[in-house]
2 protein chains.
Amino acid sequence: MQKLGDLMNKRVTLKDIAHATGVHVSTVSRALDPKRDTPLTDDVVLRIRQAAEKLGYRPNRIASSLRTQRTMTIGVMIPDITNMIFPPIVRGIESVMEPLGYASIIVNTDSQRGREQRLVEILQDRGVDGIIHTAVLLEDPTIERAAGAGLPVVTLNRRIEGTHIPYIINDEAAGISAVFNLLYDLGHRHIAHLAGPQLLSTGQLRLNAFRAAAADRRLDTKAMTIVEAAQFHETDGRRSASEILLRAPETTAILCANDRLALGAIDHCRKVGLNCPTDISITGFNDMPLLELIPPRLTTVRIQQFEAGAAAARLMAAILAGQGEDVPVETILPVLLVERDSVAAPRSARVTGR
Amino acid sequence: MQKLGDLMNKRVTLKDIAHATGVHVSTVSRALDPKRDTPLTDDVVLRIRQAAEKLGYRPNRIASSLRTQRTMTIGVMIPDITNMIFPPIVRGIESVMEPLGYASIIVNTDSQRGREQRLVEILQDRGVDGIIHTAVLLEDPTIERAAGAGLPVVTLNRRIEGTHIPYIINDEAAGISAVFNLLYDLGHRHIAHLAGPQLLSTGQLRLNAFRAAAADRRLDTKAMTIVEAAQFHETDGRRSASEILLRAPETTAILCANDRLALGAIDHCRKVGLNCPTDISITGFNDMPLLELIPPRLTTVRIQQFEAGAAAARLMAAILAGQGEDVPVETILPVLLVERDSVAAPRSARVTGR
DNA sequence: GAAAATCACGCAATCGATTGCATGAACGCT
DNA sequence: AGCGTTCATGCAATCGATTGCGTGATTTTC
């Protein structure tokens, strides 16, 4: 049984309902507006509602958007959805925005500046009501300009200096500090850092946190081995681990800026005959899925992806609801140290200490 | 240096350009339309183009959509973006649609019928020009109705009987057959199937393919052990593997409907003292990322996620371009057997055969 | 050189919903 | 009874781009 409105295969509009009920379209519009302020007779409202129901009316969002200048759509910019850390963020955003009637247009920037710029324009052309931007590139003026032009923006993972753009960040410094101290307390003194790309915010943030953690323990940060990977990828993990071992054979622990680098590092160590964790301790960051299936199970730091997305979306929702004044500029989410099997006391500590 | 148009913080419209150049808006519209058919003086076109450039004109897609009934947006329905097989599909779609000027609204159905129905309506309300649907549920009337109402639809992973909805599928039967024959040729005769949920299309498809492959080798399919997992998840893999070993201790190989089930099965076997592959061979399906880092490296079937998305998008693009007649209803993508370390000859074959 | 054809552009309606203002009716008040 | 309110609804403009049709001007044709 088809709905009546389907018969002529044409969308039912306010005008059709107006026709059917004998009132003016404006009256229909008001009757169907849930938060209407104009007074209407209950009888009329009821008749209109029933007619709308019967005809299978569905409001035309396009027309509405044109008039109201709101699309009930937000743009979500991420580097690459195939990177496993982003899907949970996307779902976190969705979990908040969808119930509010917002849809998301997700775009992948591939961390390319030009592409990012183009995508911001595309989103603006489509009239998104706001943009949630999981930033990775440092120094990226595009999104700042959009925000400056009055478009609501919330960033994830990066603070944009000199603006009041609200941002959500995970407490990466605390995470790095936690793993560093774990290693230090086990007796490690030759801790190397396999750093992420320094033109990405997370890469830089974690390197700084590493230096700070080392300084906290009164280690000579200048003497510490730090090798920067070109990408957050196993291949670079392997390459950089190799360089670390070459430059500092005394290294007993490698603190990696991310899980994939750590996996690469473990793999390289295995290849050169170093067992993890008995010969060398290696730590990751992010706690990506499936990690506990890969031996040695990586000790790492879990960050709240879903919650970060949800938090960003909540801020965005508040701004879009006109409560932009009340949203905090900074939101820091706690991280969790996940201790597994890739860390052990260094040989030296085992010999002397036990 | 700001663009001139930014100064008054208001979007530049055709009318503004018309004002600036002293022509009518309709002329501006035509001058800016790349595929215009109405003849215009080169001089006028040039002046309008320059003015548009200078004022920083960006067409209002909303207004355009209202008039033309095209939003240049498609809906992409997937079960769950956090499931690692979907992001590549999404990027495949994007790789084709974005250059054509289309944006995608991605929604997660969580394989729930009610939610799916709601999402189709949401997408229709937003006036998407078409829907690419990575189907998983069998018997799902919602999308068929949408297609019946004239909305262009392309499905991935499932054929909808009795319609002409184009679909892309991976050659799953060939994949199952390939692993089955690999096992058989090594000497396995007691091959169990750890099947996926039978209310999902892939679960059903692969089970049928398993039966067919067994029949091809003249095995008694009725006697074969087949256990259905409730979900495509490690936990169910463990549970079902346990059941298989209980019901048929003579089993020498488990052909799993997907990688995650296989990982669970391997884990369970290890726990009960069975080494893979020396005691039991286990195979997966999908070849998900990171698999080669998890020992024993799983022998599995690689399916072309990105390419499947791209192929679906190409069909959609063709339909949207009005060449709906020319698109093939069925597209089958080849799969690739990936031989790694989780398969070996059964003990019996090793004893008697070598 | 006049009629006809072509050309370049303007006019105005249209897409569907929203909303400030106008209007007519019902009502209350003195 | 007469006048001012209040109330429920209608009217028409508006959002910005698109497009069929019309019109005046120019060119072509015999």
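By convention in this document, chain letters (A, B, ...) are assigned in the order of the sequence lines, proteins followed by strands, and residues within each chain are numbered from 1. Values in this document were obtained by computation on a predicted structure and should not be read as measured data. All values below come from the heavy atoms of this structure, side chains included, with hydrogens, waters and symmetry mates left out.
- Rounded to a whole Å, the CG atom of A:D43 is 18 Å from the P atom of D:dC7.
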Per-nucleotide protein contact string for nucleotides 11-19 of chain D (B base, S sugar-phosphate only, - none; heavy atom under 4.0 Å): BBBBBBBBB
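- Contact detail for B:N108 and B:I81: the closest heavy-atom pair is ND2-N, 2.7 Å.
- The side-chain contact (heavy atoms from CB on, under 4.5 Å) with B:I132 is formed by just one residue from the set B:V90, B:I93, B:V153; it is B:I93.
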Evaluate salt bridge (charged side-chain N to carboxylate O under 4.0 Å, His left out) for A:E121 paired with A:R126, printing each intermediate quantity in order. CA-CA 9 Å; A:E121 283 183 357; A:R126 289 180 174 276; over 6 Å; no
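- Side chain of A:D110 to main chain of A:Q112: no donor-acceptor pair is present (N/O by atom type, distance under 3.5 Å, no hydrogens or angles).
- One atom, CG of B:L40, and another, C1' of C:dG10, lie 12 Å apart when rounded to the nearest Å.
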Please tabulate, for the side chains in residues 308-331 of chain A, all donor-acceptor contacts under 3.5 angstrom to protein atoms that are two or more places apart in sequence or on a different chain.
| residue | atom | partner | partner atom | Å |
| --- | --- | --- | --- | --- |
| A:R314 | NH2 | A:E307 | OE2 | 3.3 |
| A:E330 | OE2 | A:Y167 | OH | 2.7 |

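- As judged by a 4.0 angstrom heavy-atom cut-off over every strand, A:V44 is placed among residues touching the sugar-phosphate backbone only.
- Using a distance-only test at 3.5 Å, with no hydrogens or angles considered, a donor-acceptor pair links the side chain of B:T155 to the main chain of B:R158.
- Using a 4.0 Å heavy-atom distance criterion, B:V28 is classed as making no nucleic acid contact.
- Taking 4.0 angstrom as the limit, A:T41 places none of its side-chain polar atoms (N or O) nearer than this to OP1 or OP2 of D:dC7.
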